[in-house]
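All heavy atoms count here, side chains included; hydrogens, waters and symmetry mates do not. Here is how names work: the chains are called A, B, and so on, in the same order as the sequence lines, proteins then strands, and each is numbered from 1.
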4 protein chains.
Amino acid sequence: MCARKADPPEIRAIKEGKIKQAAIKFFSEKGFHAATTGEITEAAGIAKGTLYWYFNTKEDLAFALVSDMLEEFRKLVEEMRDARGPATTRFRKLATRAAELYNQEKAYCRLLWKFRADQHYVFSPDYVEKVRIYYDAILSALADMIDQGIRSGEFRRINSRHWAFVILGITEGLELEWLENEDEFDMEKAFREMMDLLLAHFRKAPGKGRS
Amino acid sequence: MCARKADPPEIRAIKEGKIKQAAIKFFSEKGFHAATTGEITEAAGIAKGTLYWYFNTKEDLAFALVSDMLEEFRKLVEEMRDARGPATTRFRKLATRAAELYNQEKAYCRLLWKFRADQHYVFSPDYVEKVRIYYDAILSALADMIDQGIRSGEFRRINSRHWAFVILGITEGLELEWLENEDEFDMEKAFREMMDLLLAHFRKAPGKGRS
Amino acid sequence: MCARKADPPEIRAIKEGKIKQAAIKFFSEKGFHAATTGEITEAAGIAKGTLYWYFNTKEDLAFALVSDMLEEFRKLVEEMRDARGPATTRFRKLATRAAELYNQEKAYCRLLWKFRADQHYVFSPDYVEKVRIYYDAILSALADMIDQGIRSGEFRRINSRHWAFVILGITEGLELEWLENEDEFDMEKAFREMMDLLLAHFRKAPGKGRS
Amino acid sequence: MCARKADPPEIRAIKEGKIKQAAIKFFSEKGFHAATTGEITEAAGIAKGTLYWYFNTKEDLAFALVSDMLEEFRKLVEEMRDARGPATTRFRKLATRAAELYNQEKAYCRLLWKFRADQHYVFSPDYVEKVRIYYDAILSALADMIDQGIRSGEFRRINSRHWAFVILGITEGLELEWLENEDEFDMEKAFREMMDLLLAHFRKAPGKGRS
DNA sequence: TATGAATGAGACTTCATTCAT
DNA sequence: AATGAATGAAGTCTCATTCAT
């Protein structure tokens, strides 16, 4: 009577994608609380209840998006870490690729910022932990790249963990400035400049820097 | 006359302060939407309705807090802009003072980040505009300091507006990294290091840099 | 230390009057619920708490106003009832005088309509009863006037109570039409016309009418 | 297909009707402000939130009721205007039919009176305008009927707009008297009597009346 | 699989009234 | 007599989630 074959996986994935698209739009515009499941399902062209067949909760949906983007960024950093060539070159490439990624996924970037602010409230401890793991992986990969540079003699003996924080912080700070001043501020250029400054600092002859 | 006078301004300010303290706590922990007027008034030791004697709306209360902190930061930057001495010295002092301010007002910092994310939804256009004005003032003061350095011959002829964005972005990015990794990350040190790198870049003999 | 002679009665009455003026304004514009004691006291130039020195509750204040107007109208009808001369003449005079009263006290008229609608909710049973007594007095006086006309031979033997209802209903219906269409509808003229029609009907030779 | 269809219109209408029934009860007893959505939904046997699936706001619900009744009355008047036969006959029929309608829908009548008083506060300007349009339509239809009578020679050349106001005013005044004195006052009889008086006046040989 | 009507906890805010001064 | 800060009950409305079809 009501039986019907389950949608093949790819169909399910397509529909999930439609929901995610709609969710990105509203989450990135309004943040987690202000975006309603109602507007998301409407934009996705499904009924309110259907959402819950694809995602258990609103939180789950939100996390899926955060996860997608962080995964992408993590993969980018890890790819650069695992690539061949001098660390310097790979760091420069990272700056360019990150800027490209941000430019491509501006809505995702906005969304990430929205959620970052109240992640501790938006997400259950479980999810917060998962987000933390992503960031840790990114930080570690950055630190690894620095260590590679140290080992290869490109960089001085610096505190790789500390400078990983700095690189990530700068990247995010410039990204934010860009998101809030898109027309005026050239993020990609700033990324490159700052990366150059940092790399020069990493390379600088001992005796001048201390960290 | 027998009539009791209205609370003198300072008493009113003290009571307002009590409410603000409670509000900072919850807003900075949970963000605007998740913090309820109920828990704020309870923590402030007043009745639910009393809040509205001091602030017209929850939004007004939130904005008062944002405003306080941004005002403080703006004053700091403008003080450094108007102080005597080489721009280089003043920029270094700014880095130190900013780190001090953040350390002192960590809760305020958290709150600012929470609200920044969904300010466009939290605050009415009127308020968003006022926030923007604060940030503009800060950016302008930073650009002014750079221009002063250029005029005095300390710095090369660089695009002061662009580098003001960079300074602000870096400051905020490092602040964020600190807020999320308080124990591991030394914000003050990073502020100083980055400021030194930037100042060295501003001073660098022409022919090497391009911006 | 705080002792002072009580205000002499006339001063108290003057202040009460100021409050009533303000109250009429807001009650007549917005009705009982929507008018707030806050705006009334502000307009009256007194503190919120002071209102309660003059009136026990908002309801009391409202009733005082209703009472004033109904008292005025009752006095008018009873004056006409007790005056000398043919009932016909006195009814005609009543129509004119009522129109004059309404014109003079338009705000009061509006207020009466507002309160009439939800009097059962606005006023406690006690007050509703008092309002009812006013209306009964008015109805009785009208019926008395008809009876006087019957006894004097001016009118046929009609049901005086029934026609008192009719007179009052018509008066109020036309008053309402006037309040809602002030510019277009000539209440005074309509009052006179309808009174003439009714009086003619009361006088009409038996054999034609039936009531 | 397995999907259940949305409630068909008639089912929705039935459920809406249940809510309206409950709403009429409380609005007509207490007026707009004093009636709470809580008691309405409780009486309708639904959850508090469900109300908002059927009506956007409390105001919307209230307006739907007002609209229903005014629509009914408007249709009645327009039906009489468009019917065949002498205007006199049609006016008489109108009186009877209106009395019947009122008797049938007493709760609606009460409600209309409640809302009429503070409609300007209860309803947004948009809705007030819609109410006004209903009353205008009723007034115009009445004036049209008078004009028809004039053209057909039944009535003298009187000011049809003015007398439409009078007819409506009288109808409403008597209705009100009835609502407040149900047991004592015979509205239907009064309607007929007054209509007869008015029609006689409209027909009266020229030279006596002036309007 | 999909629907959408229904739920109900909980949010912000208003405002008549009180009371220490 | 007068003040106005404080109260807190109560009201309307939102929205994530459920569940009978």
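Within the 4.0 Å cut-off from OP1 or OP2 of E:dA2, at least one side-chain nitrogen or oxygen of A:Tyr54 is found. Side-chain N/O atoms of A:Lys48 include none lying less than 4.0 angstrom from OP1 or OP2 on E:dG4. Residue D:Thr37 places at least one side-chain N or O closer than 4.0 Å to OP1 or OP2 of F:dT12. Phosphate contact (OP1/OP2 of E:dT3, side-chain N/O of A:Thr50, threshold under 4.0 Å): present.
The side-chain tip of B:Arg116 points at the ring of B:Trp113 from less than 6.0 angstrom away and within 45° of straight on. Annotation: cation-pi geometry not satisfied between A:Lys114 and A:Phe27 (NZ/CZ under 6.0 angstrom from ring centroid, within 45° of ring axis). Geometrically, C:Lys58 engages C:Phe32 in a cation-pi contact defined by less than 6.0 Å to the ring centre and at most 45° from the axis.
Rounded to whole Å, the distance from CZ on B:Arg12 to P on F:dT3 is 18 Å. Rounded to whole Å, the distance from CD on A:Glu42 to C1' on F:dA16 is 16 Å. Look at CD on C:Glu59: it is 18 Å from P on E:dC15, rounded to the nearest Å. Rounded to whole Å, atom P of E:dT17 lies 4 Å from atom OH of C:Tyr52. Put simply, CD1 on C:Ile46 is 14 Å from C1' on E:dA16, counting in whole angstrom units. What separates NE2 of C:His33 from P of E:dA16 is a distance of 9 Å, to the nearest Å. Rounding to whole angstrom units, CG of residue A:Leu61 and P of F:dA16 are separated by 11 Å. If you measure from atom CZ of D:Phe55 to atom P of F:dT12, you get 15 Å, rounded to the nearest angstrom.
Shown here, E:dG10 forms a base pair with F:dC13; the pair counts as Watson-Crick or G-U wobble because both key distances fall under 3.5 Å. The pairing partner recorded for F:dA20 is E:dT3, the criterion being a Watson-Crick or G-U wobble arrangement whose two distances lie under 3.5 angstrom.
The environment of CZ in D:Arg12 is crowded: more than 12 heavy-atom neighbours from other residues, nucleotides or ligands sit within 6.0 Å. When the shell of 6.0 Å around CD of A:Glu42 is examined, it contains 12 or fewer heavy atoms from other residues, nucleotides or ligands.
Within 4.0 Å of D:Leu51, counting heavy atoms only, lies no atom of the nucleic acid at all.
Of the candidates F:dA2, F:dT18, E:dG8, the closest approach to any side-chain atom of C:Lys15 belongs to F:dA2.
Along DNA chain F, the nucleotide nearest C:Gly45 and the nucleotide nearest A:Ala35 are compared for position; the residue whose nucleotide lies closer to the 5' end is C:Gly45. If B:Gly49 and D:Gly38 are placed on DNA chain F by their nearest nucleotide, the residue sitting closer to the 5' end is B:Gly49. Judged by closest nucleotide on DNA chain E, B:Thr36 is the one of B:Thr36 and C:Ala34 placed further toward the 5' end.
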